[in-house]
Amino acid sequence: MNVGVLALQGDVREHVEALCDLGLSAKVVKLPRDLEDLQGLIIPGGESTTIGKLMVIYDLLEPIRERILAGKMAAWGTCAGMILLSKDVGGHDQPLLGVMDTCIQRNAFGSQVDSFEAEVLIQAIGDAPFPAVFIRAPVVESIGPNVKVLGRLPSNGWTVAIQQEMMLATSFHPEIVKDRRLHRHFLTLCSLVDA
Ligand code: GLN
């Protein structure tokens, strides 16, 4: 199976290592031609405005959007990646893929110093809660009817993990913890793609 990590800015290496732990050699995606043959793409955390502008500069925005919408590629956005997959970020003017029927609030928990960890129950990956790390994290404000909530923050019930068909989005950073269940879940989605 061919799975890539968008490698313009952010937590690229950590996602590549996580996939390596699952026996997969991930493709590092920097140019449109790197998308060929991919059944799945991870859009990492980092800074969504920067990643979005670089996607425009490197002519990646449209090819990624098209491949996802054509059902040729599953996608998973973590933190900034979740923002980039979304249709709406509350009026911010920034380049977005706009493929998920979601409205996202950026920096919903404050700045870098307000980073925290929480145990998030995600039934789709098992009964044990997931150790979720939130760093200048976004939160899901509203979702369309075709989006499923996978996980909420126990303290306030805010939505932090969602899925829409072959698209997965998490507010937090699964790549920086040892637990690989979300990466495994994503690979299951990728394996369903008929590339
Ligand atoms: N706050 C960042 C943004 O808006 C996301 C932070 C992250 O990816 N850890 O893009």
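Atoms considered below: every heavy atom in the structure, side chains included; atoms not considered: hydrogens, waters and symmetry mates. As the structure is a computational prediction, the values presented were derived from the model and not from experiment. As the structure lists them, so they are numbered: ligands from 1, and atoms in each ligand from 1.
Among residues two or more places apart in sequence or in another chain, the side-chain contact (heavy atoms from CB on, under 4.5 Å) test is passed with Q105 by A108, V139, E141. Annotation: side-chain contact (heavy atoms from CB on, under 4.5 Å) contacts of S25 (sequence neighbours excluded): none.
Remark: aromatic rings of W76 and H15 are close, center separation under 6.0 Å. Between W158 and F134, the ring center distance fails the sub-6.0 Å criterion.
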Could you list, one pair per line, each nitrogen or oxygen of ligand 1 together with any protein nitrogen or oxygen closer than 3.5 Å, giving atom names and the distance rounded to 0.1 Å?
residue: ligand 1; atom: 1 (N); partner: N107; partner atom: OD1; Å: 2.6
residue: ligand 1; atom: 1 (N); partner: R136; partner atom: O; Å: 2.9
residue: ligand 1; atom: 1 (N); partner: R136; partner atom: NH1; Å: 3.3
residue: ligand 1; atom: 4 (O); partner: R106; partner atom: NE; Å: 2.6
residue: ligand 1; atom: 4 (O); partner: R106; partner atom: NH2; Å: 2.9
residue: ligand 1; atom: 8 (O); partner: G46; partner atom: N; Å: 2.9
residue: ligand 1; atom: 8 (O); partner: G46; partner atom: O; Å: 3.1
residue: ligand 1; atom: 8 (O); partner: A80; partner atom: N; Å: 3.0
residue: ligand 1; atom: 9 (N); partner: I135; partner atom: O; Å: 2.9
residue: ligand 1; atom: 9 (N); partner: H173; partner atom: NE2; Å: 2.8
residue: ligand 1; atom: 10 (O); partner: S48; partner atom: N; Å: 2.6
residue: ligand 1; atom: 10 (O); partner: S48; partner atom: OG; Å: 2.8

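Shown are V160, L150, T170, D127; of these, the side chain to side chain contact (heavy atoms under 4.5 Å, CB included) with I122 is made only by L150.
Applying the side chain to side chain donor-acceptor pair (under 3.5 Å) test to residues at least two apart or on different chains, the pairs with a partner in residues 89-101 are S48-Q94, Q94-R106.
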